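Working notes, beginning with the structure itself.
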Number of protein chains: 2
Amino acid sequence: MNGEQQLEKARERVIDAISKNMNLYGVTESIGRLYGALYFQESPLTLDEMKEELGMSKTSMSTSVRNLVDLKMVGKVWKKGVRKDLYQAEPDWYQTFADFFTIKWRTGVTINMTAMEKSLYELQMLLDDENVNHMVKAEAKLDIEKLTSAIDYYKWLNRLVDSFETGEIFQYIPKSTK
Amino acid sequence: MNGEQQLEKARERVIDAISKNMNLYGVTESIGRLYGALYFQESPLTLDEMKEELGMSKTSMSTSVRNLVDLKMVGKVWKKGVRKDLYQAEPDWYQTFADFFTIKWRTGVTINMTAMEKSLYELQMLLDDENVNHMVKAEAKLDIEKLTSAIDYYKWLNRLVDSFETGEIFQYIPKSTK
DNA sequence: AACTTTGTACAGAAAAAACTGTACGTAGCG
DNA sequence: CGCTACGTACAGTTTTTTCTGTACAAAGTT
């Protein structure tokens, strides 16, 4: 095995690990591989180059890269005189991590808070309604308690996300230094 | 709509949100629904009761609940005189959250650290090999830098996970109080 | 203005995953 | 020890997701 092949193999192993890892959080392995490929590039790639690199269709590259951009894991780059769109991987993994979970968690918190507050309100109404059976009310009461503490948790999660977003988290858990 | 229906509707909305939320992190919607159903139960359920509750096969309940147990979101409960396995949802979401991401992140860190350290070693070897082209060595050098800083990041992530596992995180981001 | 090039929408094909039913091993009970 | 009840492995089916190729709109070039 010559040097170039060894280099390729070393990269391939890491790309594999990266894509498996991303897969744990609901990102397709293909998208993970694309990110990995971009990560090892010295300069930004065009869609056609990605297509070449991964042996997939251009359409797939287009949708995959858009996915990565939405996750802020990859950014579009402008280069003078180049007509094609260029993309490169965000090199700072601390940033990538923070963005990724900020995006995901905020989405989740929003979905759940909205639903829970609405349901909480309805359950309160139920308690105030004289026509409702007291067995049902007892259940509603339990649910209200559960939802209330769940909402507390989501408030906490929102604060955690804030600390990711602002970088405050690094005051508590300092970045590793070489 | 009577009280019972209203109660059901309020729960259903929340279960829906929960399952969508879990889905963001690579958990099936069905598994999410199961967790949601368990969350609102007052007492633990058997596989047959879950099957009834969700209108799915017992086999699915078995695999789904095992999934939730692996994630520590649901626990098996023992009850005197009852032969069937009983399961109930972990009620403390702070705990659930910490466990969930501890499990996921540790897995990810391990996968990546192993691969990266191995590749890092190989790349170092490459640099020390006289027969290797200097262009290839230049690339290897860049890769080594990338991997080194990626590994630093994973060390940090490990410390973050530690803080989740020990509960230290709550010193920095205190739990919300009612 | 005509001609290229580039990126993406969309429909259909291919691949992956979730789900079910049967069959079976194991454990409790009489 | 035989019988029943329970949970799960496994194979096959259904559903969902991913991927591709074609077609087209938008922007750039001559």
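Bear in mind the structure is a predicted one, so any value in this text is a computation, not a measurement. So you know, we letter chains A, B, ... as the sequences are listed, proteins then strands, and number each from 1.
- Backbone-only contact: Thr28(A) has heavy atoms under 4.0 Å from sugar-phosphate atoms and none from a base.
- Taking the six-membered ring where tryptophan is involved, the planes of Tyr154(A) and Trp93(B) are perpendicular, since the angle between them exceeds 60° and thus also 30°.
- Taking 4.0 angstrom as the limit, Arg66(A) places a side-chain polar atom (N or O) nearer than this to OP1 or OP2 of dA9(C).
- Nearer to the 5' terminus of DNA chain D, by closest-nucleotide assignment, is the contact made by Gly26(A) (compared with the other of Gly81(A) and Gly26(A)).
- Look at CE on Met61(A): it is 14 Å from C1' on dG21(D), rounded to the nearest Å.
- Candidate nucleotides dT20(D), dT8(D), dT8(C) were compared by shortest atom distance to the side chain of Lys58(B), and dT8(D) ranks first.
- Atom P of nucleotide dC19(D) and atom CD1 of Ile31(A) are separated by 7 Å, given to the nearest angstrom.
- Within the 4.0 Å cut-off from OP1 or OP2 of dT8(D), not a single side-chain nitrogen or oxygen of Thr59(B) is found.
- In terms of position on DNA chain C, the residue among Lys76(A) and Ser64(B) whose nearest nucleotide sits closer to the 5' end is Lys76(A).
- Whole-Å rounding puts the Asp85(A) CG to dA26(D) P distance at 16 Å.
- Atom-to-atom, CG of Leu54(B) to C1' of dC19(C) comes out at 13 Å; the value is rounded to the nearest Å.
- Relative to the six-membered ring of Tyr39(B), Lys146(A) meets both conditions, a distance below 6.0 Å and an angle of at most 45° to the axis.
- With rounding to whole Å, Asp70(B) atom CG is found 14 Å from dT8(D) atom C1'.
- Summarising the geometry, the separation between CD on Glu29(B) and P on dA18(C) is reported as 11 Å, rounded to the nearest angstrom.
- On a pure distance criterion of 3.5 Å, a polar donor-acceptor pair joins the side chain of Arg83(A) and the base of dT5(C).
- Taking only side-chain nitrogens and oxygens, Ser60(A) comes nearer than 4.0 Å to OP1 or OP2 of dT20(D).
- For the pair Met50(B) CE and dT8(D) P, the interatomic distance rounds to 10 Å; values are reported in whole Å.
- Within a 6.0 Å sphere centred on CD of Gln95(A), other residues, nucleotides and ligands contribute more than 12 heavy atoms.
- Applying the 4.0 Å criterion to OP1 and OP2 of dC19(C), one finds that Ser30(B) has a side-chain N or O inside that range.
- Arg33(A) and Thr28(A) form no side-chain donor-acceptor contact under 3.5 Å, judged by distance and modelled atom types alone.
- Side-chain atoms of Glu168(A) and Tyr172(A) include a donor-acceptor pair closer than 3.5 Å.
- For Leu47(B) and dG21(C), the CG to P distance is 16 Å, given to the nearest whole Å.
- For Lys84(A) and dG7(C), the shortest distance from a side-chain N or O to OP1 or OP2 is not below 4.0 Å.
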